[in-house]
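Quick note on labels: first sequence line is chain A, next is B, and so on, each numbered from 1. Reckoned from all heavy atoms, side chains included, excluding hydrogens, waters and symmetry mates. Predicted model, so just to flag it, every value in this text is computed and none were measured.
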Number of protein chains: 2
Amino acid sequence: MNIKDIAKISGVGISTVSRVLNNSGVVSDATRARVLSVVKQHNYVPNSNARNLKKTQSNTIALMVKGISNPFFANMIKEVERQVHLRGCPLMIQQVEDGVDEIAAAMQLIKEKNLYGVIFMGGTYDHSEEEFRQLGVPFVLTTITTMKEVDPSAFSSVSIDDVTSAYKATSYLISLGHRNICFLARFPFMENTIGNRRLLGYKKALEEHGIEYDPAFVEDCEYAPSFGFAAAKRLLSKNLGVTAMFAASDAIAIGAAKAVLSSGLSIPGDVSIVGFDGIEMAEYYHPSLDTISQPGVEMAHVSVEILFDLIAGETANRHVVFESMLVKRGSSRKVN
Amino acid sequence: MNIKDIAKISGVGISTVSRVLNNSGVVSDATRARVLSVVKQHNYVPNSNARNLKKTQSNTIALMVKGISNPFFANMIKEVERQVHLRGCPLMIQQVEDGVDEIAAAMQLIKEKNLYGVIFMGGTYDHSEEEFRQLGVPFVLTTITTMKEVDPSAFSSVSIDDVTSAYKATSYLISLGHRNICFLARFPFMENTIGNRRLLGYKKALEEHGIEYDPAFVEDCEYAPSFGFAAAKRLLSKNLGVTAMFAASDAIAIGAAKAVLSSGLSIPGDVSIVGFDGIEMAEYYHPSLDTISQPGVEMAHVSVEILFDLIAGETANRHVVFESMLVKRGSSRKVN
DNA sequence: TAACACCATCGAATCGTTTCGATACACATC
DNA sequence: GATGTGTATCGAAACGATTCGATGGTGTTA
């Protein structure tokens, strides 16, 4: 069942059917109605491969994401899918493993599928302006840090201010009287990662309050409970007199909390904890974990919005920086 | 840059380039090398729209899933993506909202994109054998229950035995001496949902041990912490003398645990809790939650395996039922 | 050396759309 | 009646690949 069949059955030309289906050009009401009824009756769906081939452009959006199952990302992905779907476009998801070049992978997909647009989510990108420009289709970087200085006019982005957010969390703990504050995050051997940027905020807060920065208080760990658990255990075993922990993700915080509690210490009695992201599970932890909450759903929403604006012809790239929010629940307390 | 350009630059015919790229037909080693070098040099990627159009088949796999952000699904999706990607195929993800016809949605995608295969994940399907057969491409139902009796030869599936699994959890709690055991799950107004099937196992265990089934002990709630929290609160306020809760998902269990703990009761001191799924967060809850663990990653893996077997021409549909596992951690205790 | 097989390669037709230039008709204008 | 203006429609070319039947060259065999 193809457009030719529909044309024949409807008793019109091929191009008329095409014009009806695409709402392009003029078609008399009678003809339009007749064609549509035939389409419906035969359950005809235009072949997008043929359409895309001819148009040298498809309506497919691709999402390149680092770690689908990260709960914070999973939430954003859900919203991205919803919003993209709402606009009538199919969504392709590709997970970028560590060490693969995200832009190159996207480039391949773009050529192969004549993509409509791309959303990149998560991670640290080590690409030059030139590489971004080569993509040739609209794209948005969501919660991504870049290693190279790239001219802001070359890309759009959606993010929060990691330095400020971490500063906010650390300052909060300091304001409660804590001096021995740990920081748990992932520090790959790269510059300007999320971990590094949050470390900057952590350091800045310490400095401003006259607390000397001690690397022994910082632990490297992946963004998952098991790593947070192990890192916190290591930290506790150093006997540094830690009274507070700031984790660069709620997943880490949950693991760290488990380490604290299972060591016989209490939260927030002995150790205060602040996480990052604002995932639902952290709220339902016991005690409820304080956190720096990112508006993930809105960030996803705006990412798609920007992308479709660009697709619609908008030429100015946008950079939306969302405000993170310190959410106080039950995992921190005042000391001394 | 298309196949014609590559042919011209390489000094060969179009069909020769095609044969080189597809490893079909005979091509002399010299020619092959020359073509490949030109391809590499110009970063040529075949246009899959043209290819799919000609072949009337694409290599795209679609995943139709209910609730991307459910952590158990998120984990499976991650593995599905990995496995599909490993086989060189792009993955399309579509979220099926409540109330939309999954098969019809897939049908549309299949016609539109000439899909290679489809994986359906999660939910309860109310489709006849006829509808399944109409899909016309290989597909697998993963963690899905069906309302209508469908001839097993008409579809492939990957699942666990929900009745037995729930029976296992409930029996465990009974064996610890509990009599007043709640059950928390989602009971939509449909038959044979996961909630209903697990309820069956719950009832069966009660019955076998001479405990009378009381609907007051069963609460309807969505598979998320906030709903688990509310449901457990409702349950506790009934003053039924509950000593144990069995939740149909870890997310529910986490919410329920929070409700218990924040009511001043202890786990497992006052109330024992068993969840379902085996997500990482439940392990790092404090106390670590007992659960019925499903081997999600393997289930995803096998789903993709079955799908590609079918694509490769395997005609026999397979039904793989995985064994769930009772994982005892720290959220249940013996009473009396 | 004629006949034949085999290997490497080529070109044309084809997949199902979109789109542009052409056409055909009706009606108004001079 | 010649010309012009719109409106509704059509057909053919094109998008970039695959694939089949055809072709030409080389080597083998009788």
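When only modelled atom types and interatomic distance are considered, A:N2 and A:N47 share no side-chain donor-acceptor pair under 3.5 Å.
The outermost nucleotides of DNA chain C lying under 4.0 Å from heavy atoms of chain A, listed 5' to 3', are C:dG16 to C:dT19.
Contacts of A:S15 with the nucleic acid, taken as non-hydrogen atoms under 4.0 Å apart, include base atoms. Heavy atoms of A:T31 sit under 4.0 angstrom from primed sugar atoms or phosphate atoms, though from no base atom. Residue B:L21 is out of contact with every strand shown, counting any heavy-atom pair closer than 4.0 Å. In this structure, A:T56 reaches the sugar-phosphate backbone alone: every heavy-atom distance under 4.0 Å involves primed, P, OP1 or OP2 atoms, never a base.
The nearest heavy atom of DNA chain C to B:K54 and to A:K54 marks one nucleotide each, and the one closer to the 5' end goes with B:K54. Across the interface with DNA chain C, nearest-nucleotide mapping of B:R34 and B:K55 shows B:R34 to be the residue nearer the 5′ end.
Ring centroid separation for the pair A:H42 and A:Y44 does not come in under the 6.0 Å cut-off.
Residues B:F120 and B:V96 are not in side-chain contact: their nearest non-hydrogen atoms beyond the backbone lie 4.5 Å or more apart. Using a 4.5 Å heavy-atom cutoff, the side chains of B:R87 and B:V304 are in contact. In this structure, the side chains of A:M121 and A:V80 come closer than 4.5 Å at one or more pairs of heavy atoms.
A sub-4.0 Å separation between OP1 or OP2 of D:dT9 and a side-chain N or O of A:S28 is present. Contact annotation: B:N22 reaches the phosphate of D:dT18 (side-chain N/O to OP1 or OP2, under 4.0 Å). Remark: B:N47 is not in phosphate contact with D:dG16, judged by side-chain N or O atoms under 4.0 Å from OP1 or OP2.
Protein atom OH of B:Y44 is 7 Å distant from nucleotide atom C1' of D:dG16, rounded to whole Å. Counting to the nearest Å, the C1' atom of D:dG16 and the CG atom of A:N114 are 10 Å from each other. Rounded to whole Å, atom C1' of D:dG11 lies 13 Å from atom CD1 of A:I3. The CE-P distance, from B:M1 to D:dG16, rounds to 11 Å in whole Å.
A salt bridge does not link B:E130 with B:R133: every distance from a Lys NZ or Arg NE/NH1/NH2 to an Asp or Glu carboxylate oxygen is 4.0 Å or more.
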Audit row: A:E81, A:K78, salt bridge (charged side-chain N to carboxylate O under 4.0 Å, His left out) steps and yes/no: CA-CA 5 Å; A:E81 197 283 337; A:K78 180 181 180 162; over 6 Å; no
